[in-house]
Visitor: 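One structure coming up, written as structure tokens, with questions to follow.
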Amino acid sequence: MSTAEPTQKTRKAKTNKFVLILEQFLERYNLSAESSPEQLSEHAPELNALLPDWKARKCVKEALARGTEKRSAFSKEQKEALVPDQRNMIYSVRKRAQEVTKSEDKWDIFINTLDLGPKGSKDGVIDDKEMVASSSNQSRFRKYLAEYGADRELIDRYAKDSKTTTASNKIQQERTEKRLANPGRTPEHFTFEKVHRRLQNIDTSKIPSMQDLADVIVMLSMRPAEVSSLQIINYKPDSEDPPAWYKAGYSWYCTGCRKQRDKPMPMRLLSMEKDPERARELLTWIQDAIKAGKLRDPVYTETGKRNNVPFAKFIKSLKTNQDEDEITPELLRKIGAKHASMVHAGPNPTPQHLDNLSEIALRHKINRLDAGKNYALGDPKSKKEPKSEPETGDGPNPQTQASSPASQSRNNDPKKSQTMDMDSMLAEIAMLAEIRK
DNA sequence: GTTAGTCTGTCAGGGGCCGG
DNA sequence: CCGGCCCCTGACAGACTAAC
């Protein structure tokens, strides 16, 4: 009998073990393409129990759709009935909010809030992770409730769990402090010199690459999601009545910042690229390419949904040293702030001065002095003995902005006037830093 | 294999509150 | 006023899953 057997006809050799399980399963329960969806769905849980993960389910789904010699292919409905979409099974926060809003029952709000709260899943012990996550999900629950139209007052009354919130806040504060204690280093690939060189060599007549995108993000300390919306403008007040956001002596601003949804207030521009015109050119170059579909937005898909996986993967791949931390899109913003503040600070900047510059580069509000510290990345170069400077009363601060004339060795350029704007900015910052002390 | 969409855990930081 | 502290939301990264 060892004859013929022309088995290697096609790629049916791939008899995955899950496919075998499926065929046995179908046989045992006498299921086929003739079965109704109702019949099939009765057996869904049992079959699902045999399939350990989504890969297995994928194999099975494909097999169902494909059919065999003995068995014809299942329709889409039948397939869905037998191996239902797992994503519909999750009782997500969003789904809760939707249902609860519909029921209009305050107790439903309350119960679900508690259910989303910390439960001590294992041994009744609530760890930090669970606590913080619980608080986050409760917050999310409130947000979705409001989104679906639940009553504001009910939300505030029945969807707030102050114990959990407080505990979560405490944990997060501790984490922040720990993080600040040991900041990461600047990745080799994004040191100032490397980024600066790449930026200078950019040819805007070409199509931008992901690397160009990354460098521009660094250059402008952007949030990844800001790439398509940020704009650099030049503003000069033409009257004695400038808008409230106008800062005397500054003419370059950014608009389209992500976090200001209500009042889009322009924020001062501070970039490691000292020529604002060039910065703007590079930014619009990137944006035009995205609009034209030649370059992906780092965060959004064409349908407006979030998907930063391709860009994040690219950024991650740029890690050169084993001992470096992972590079993420968000890290580029912090790196950019550091580069910008270093570039614009004078030869002997005080930490306060750098913080001030950082805040401007990051386009924060200037309320919180300590905010910029979050971004103080460790840098071997600037790390030095903490000379306990008498930083208080030292009035005679030499003009820190001495930076302007040198470093300007850019080829050509009649654009000096623009950089003068930057320089006057620096002067003001330096003064502010002094006054604050 | 690659891409897209959704969910959760985590971080950043705007804003409110309160004592001085 | 104002600076510090706390709350809580919005944005991010990664895990998952299905679709292509």
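Protein chains get the first letters and strands the later ones, always in sequence-line order, with residue 1 at the start of each.
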Visitor: Given B/dC11, is OP1 or OP2 found less than 4.0 Å from the side-chain N or O atoms of A/T176?
Guide: no
Visitor: Can you check whether A/T165 has a side-chain N or O nearer than 4.0 Å to OP1 or OP2 of C/dC7?
Guide: no
Visitor: Report the residue (A/R175 or A/Y144) whose heavy-atom-nearest nucleotide on DNA chain B is the more 5′ of the two.
Guide: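 With A/R175 and A/Y144 compared, the 5'-side residue is A/Y144.
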Visitor: Taking 4.0 Å as the cut-off, does a side-chain nitrogen or oxygen of A/K160 come that near to OP1 or OP2 on C/dC8?
Guide: yes
Visitor: Does A/S162 reach a base, just sugar-phosphate, or nothing at all? Heavy atoms under 4.0 Å.
Guide: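 Answer is nothing: A/S162 stays at 4.0 Å or more from every strand.
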Visitor: Is there a side-chain contact between A/N169 and the phosphate of C/dC7, meaning an N or O under 4.0 Å from OP1 or OP2?
Guide: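 Answer is yes, contact under 4.0 Å.
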Visitor: Check the phosphate of C/dC7 against A/R142, side-chain N and O only, distance under 4.0 Å to OP1 or OP2. Yes or no?
Guide: no
Visitor: Quick check: are there more than 12 heavy atoms from other residues, nucleotides or ligands sitting under 6.0 Å from CD of A/E27?
Guide: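 No, CD of A/E27 has 12 or fewer neighbouring heavy atoms, counting only those of other groups under 6.0 Å.
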Visitor: Indicate, yes or no, whether a donor-acceptor pair under 3.5 Å links the base of B/dG9 to the side chain of A/R140.
Guide: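 Answer yes: a donor N or O sits under 3.5 Å from an acceptor.
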Visitor: Classify the side chain of A/S136 and the base of B/dT10 as holding, or not holding, a donor-acceptor pair under 3.5 Å.
Guide: yes
Visitor: State whether A/F190 and A/R198 meet the cation-pi test: NZ (Lys) or CZ (Arg) under 6.0 Å from the six-membered ring centroid, and within 45° of the perpendicular axis.
Guide: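 Geometry flag: set, cation within 6.0 Å and 45°.
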Visitor: Please work out which residues in residues 304-321 of chain A have a non-hydrogen atom less than 4.0 Å from an atom of DNA chain B and list them by number.
Guide: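 Those residues are A/K305, A/R306, A/N307.
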Visitor: Would you indicate which nucleotide in C/dA18, B/dT10, B/dA4 comes nearest to any side-chain atom of A/K129?
Guide: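 It is B/dT10.
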Visitor: Taking atom C1' of C/dG14 as reference, at what distance in whole Å does atom CD of A/E326 sit?
Guide: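 Rounded to whole Å, this separation is 12 Å.
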Visitor: Measuring to OP1 and OP2 of C/dC6, would you say a side-chain N or O of A/K170 lies under 4.0 angstrom away?
Guide: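 Looking at the OP1 and OP2 atoms of C/dC6, neither is under 4.0 Å from any side-chain N or O of A/K170.
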Visitor: Phosphate oxygens OP1/OP2 of B/dT8: is one of them under 4.0 Å from a side-chain N or O of A/S92?
Guide: no
Visitor: Just to be sure I understand the rule, does A/S168 reach a base, reach only the sugar-phosphate, or reach nothing, if contact means heavy atoms closer than 4.0 Å?
Guide: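 Nothing, no heavy atom under 4.0 Å.
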Visitor: Side-chain N or O of A/T301 less than 4.0 angstrom from OP1 or OP2 on B/dG5?
Guide: yes
Visitor: Look at the side-chain N and O atoms of A/R94 and state whether any lies under 4.0 Å from the OP1 or OP2 oxygen of B/dG5.
Guide: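 Checking A/R94 against B/dG5: no side-chain N or O falls below 4.0 Å of OP1 or OP2.
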